[in-house]
Each structure stands twice: as C-alpha cells, then as structure tokens.
Amino acid sequence: MRIKTRITLIVALLAAAAAALFITFMNVTIGGYIDREARSSMQSVFASLSETEYTETDHSKPQIIFDVIWLQVDEQLNLVSTYEGETSLTYTKNDRAVLDHVRGQKVDFSREHMTYASVLGQRYLIGTTSGPVWDEGSTGSSDAASESATEPQVESPTSGTGKWILYINMGPASDILRLLNIMLGAALVVMVGLATAVGYRAGLMVENSERRLKTFFANASHELKTPLMSIQGYAEGISTGVVKDPKAGATVILQQGDKMETLVEELLLISKIDSGDFRFDKTAVDVNDLVDACTSSAKAFAQTREVEVEVLYSKDLPVILGDANQLQRAIGNVVENAARFAKSRVLVEVAAKNSAVEVRVSDDGPGVTQEDAPKIFDRFYKGAGGNTGLGLSVAAQIVAAHKAKLELTKEAGSSQLKGATFVFTFPLPRATK
C-alpha cells in the first residue's frame, strides 16, 4: 500500500474515531443532563405530594422544568382526576395509555418510584407514589365516568391517602437529542471528509518528498561522478603518458575540482536550509555594494564567454536587512547563469520600487522556454547548456529565507533585452518604509 493511501486511511480513521467519541460523549452528557432534570422535576412533585397542603417546592431545584402530569387513582387503579401543577386538565389518551401501562406492572405505591417506559411509541418517565387525596370536585371514579368528567377544582386535601401516578413525556427532549445527533452526524461526515482530504494531501507531500529525496541523491551522485571521472581520466592519462600536454590536463583537473567544490558547497547549503540548521547573520546591507561585489566576481566568468556585464546603480538607495554573504551568493548565481546563456550582454539594474529594493538581471540570450519556465528553480533541473542545475535553486531558497522574492518575468526592463529576466524583490525594514 502506498504511503499516501496509508496516511489518508490513518488520518480518516483517527478523525472518525475522535468524532464518534465526541458524539458519544455529547449523547451521554446531554442525555444524562436531561434525565437528571426530568427526575428532579418529578422529585419536586413528589415533595409537593408529601406535604399536607399543596405548595411550591424547591427541594430539587431543577434547571429545566418539565411538564409533570399528575394522575390520582383509586385502589383499583381507576382514574379519579388529573392535575398539571395547579391547573386542572381533562383526561387525554396519554393519561389513559400511562394508566394502562401501570396497570400491567406490579407497582408498590407505598414508596416513590420512577422508571422509563415506551408509551404510544414515545419515551415516558413514569413515577408512582402515595399521597393525600385531593378534593377533585365533580369527577367520576371509573374510566367510563372520567370520559365526560368536568375539570376538577383543586382546593384542599381531604382525609386519607391516595395513589398517584406521575409522568413526563420525554418525546420532545428525545426529538431534540435526535436532531442534535443528526447535526453531529453531519458534522462527523464533514470532519471525516476534511480529515481525509488533509490526510491525502499530507500523504502526497510525504510521497513527493521521498521522490524528491531519491531524485536529489541520484542527481547529486551523477553530478559528482561526472567531474570525478574527468579528474580520474586526466590523472591516469598524465601518469601513463597518454596525455601529451600535462599542463593542459592539469588545468582540466583544476577546473573539474572547482566544479566539484562548488557542487559540494551548494549541496551542503541546501541540506542546511532544508534541516533548519542554517543561520543567517542579518545586518544592514547596501544593495549597490552587494551587486558590485556579485558582478565583480561574475565578470571573470563572463569574460571567458566574451559577454559584457553592465550594472545600472541607483542613488540614495535604502538599505535592506540580510546576510550579505548569502545574498551575494544568490545574486551571483543568477548573474553567472545569465552570462552562461547570454550572446554578448548582461544588464543588472538596481532600483527602489514600491517600498522595496529591486534587482533586475537581464540577458540577450535565447530566453527560457515555456516548458522550462515552471521548473527553472527546481533542484538539478538543467536546460540546454546548464551547469549543475543547483545555482537558481540555491538562489531561490536563500531569497525565500530572507522573506524576499525571486521571479522569472517576461518584462525586459529598460534594457529591452530579449532573453531571460530575473527579478529580486527585497522588502524594506519597517522603520525605513
């Protein structure tokens, strides 16, 4: 199984497990809270029934007040009267259904008892207890009589003890909990979907990183092997006398050695930047001086190719913050790259522009093809006539580490040179903007 697939599955499963645990926790927490409040509401009615008079009670102090229906029954469990708080109610099918349920159970009315039951397809909390008989006015004592009974008027308890059935219809609360589950379920689907997308992206990044690493080592090995073989060949030729001009052979060996040294330095720099171990010594840098140092070192290489390097400096240029040595390496790599592909001329322009300092490097070479343009800053990517394929990549990474930009642009600038144009954009320190 590919790394991308494994990471996607792992992240999706973890997200699903976390979401399922959260939904379970919310169900248990909210369901438990609703249950406690319902029982507390019923307990408050139990407390009222234990008094000799009907009074308000705050024994349990429920935070949510549920509608508790009171049913007063006789010894044969026939309905006598109904109450909801202090308001008298007519008998309903719910009253009758709850009463039928209690009749089918062996209930001890001598003590307070609460239990859940399914009545008429909904969940009910049903409580039973005994308490004082209330003056219910004109009500029947049988089921038939209760159908046409008038609303009982609660006045005062009469002598004796009666049986009471209390119930709370938990259907609305269950509907709320069901709606919450639907919402949480939808959130779960979205969460797992997002987690899967994130996992897929992370897996893709890991795979791409592994692929780039393999490519990096393969290319590095190849680039090191090429000058090494050249050095080895010339050294053997000189030692065996095959090379007739030892001085020319030694010159080639030195050139290839310099190429290997440059390649190793760039590989080490890339490694430090990737690992986060690279440290910049940021100071105030005059860009005119920086460009002058870069072009001075690049002119020697340009002269070997009969290319002229011209610089247009800018007066009263604000300073930037950066590591002068590393910025010199970055700009120098781009100028040398321009000299490598130029026909006869490279122009470097320095200017202040839009709260930034801009360095534009243009040449009169063939330019960059559309196929090469997207990959121009990739490691080891070499166009026709390229060197190690690391120069522009190293420059781009150094610039990015300075929170600046290096771009390949189609704008030729004031020179109107038709080759490639690279633009460095260095933001100014806040104090100088």
A356 and T425 have their tightest heavy-atom pair at CB-CG2, 3.9 Å
Can you tell whether the side chains of D378 and K375 come within less than 4.0 Å, N to carboxylate O? no
Sidechain N-carboxylate O distance under 4.0 Å for E37, R39: no
If you draw a 6.0 Å radius around OH in Y313, do more than 12 non-hydrogen atoms from other residues or ligands fall strictly inside? yes
What residues, two or more places apart in sequence or in another chain, satisfy salt bridge (Lys or Arg N to Asp or Glu O under 4.0 Å) together with D292? none
Any donor and acceptor pair, going by atom type alone, linking the side chain of [X] with main-chain N or O of [Y] inside 3.5 Å?
| X | Y | value |
| --- | --- | --- |
| R103 | L77 | yes |
| N333 | L392 | no |
| D363 | G419 | no |
| H402 | D323 | yes |

Would you say the side-chain atoms of N169 and N94 include a donor-acceptor pair closer than 3.5 Å? no
Mind telling me whether Y167 and Y124 have parallel, tilted or perpendicular rings, with 30° and 60° as the class edges? tilted
Test the R123-Y116 pair against the cation-pi criterion, namely NZ or CZ under 6.0 angstrom from the six-membered ring centroid and within 45° of the ring axis. yes
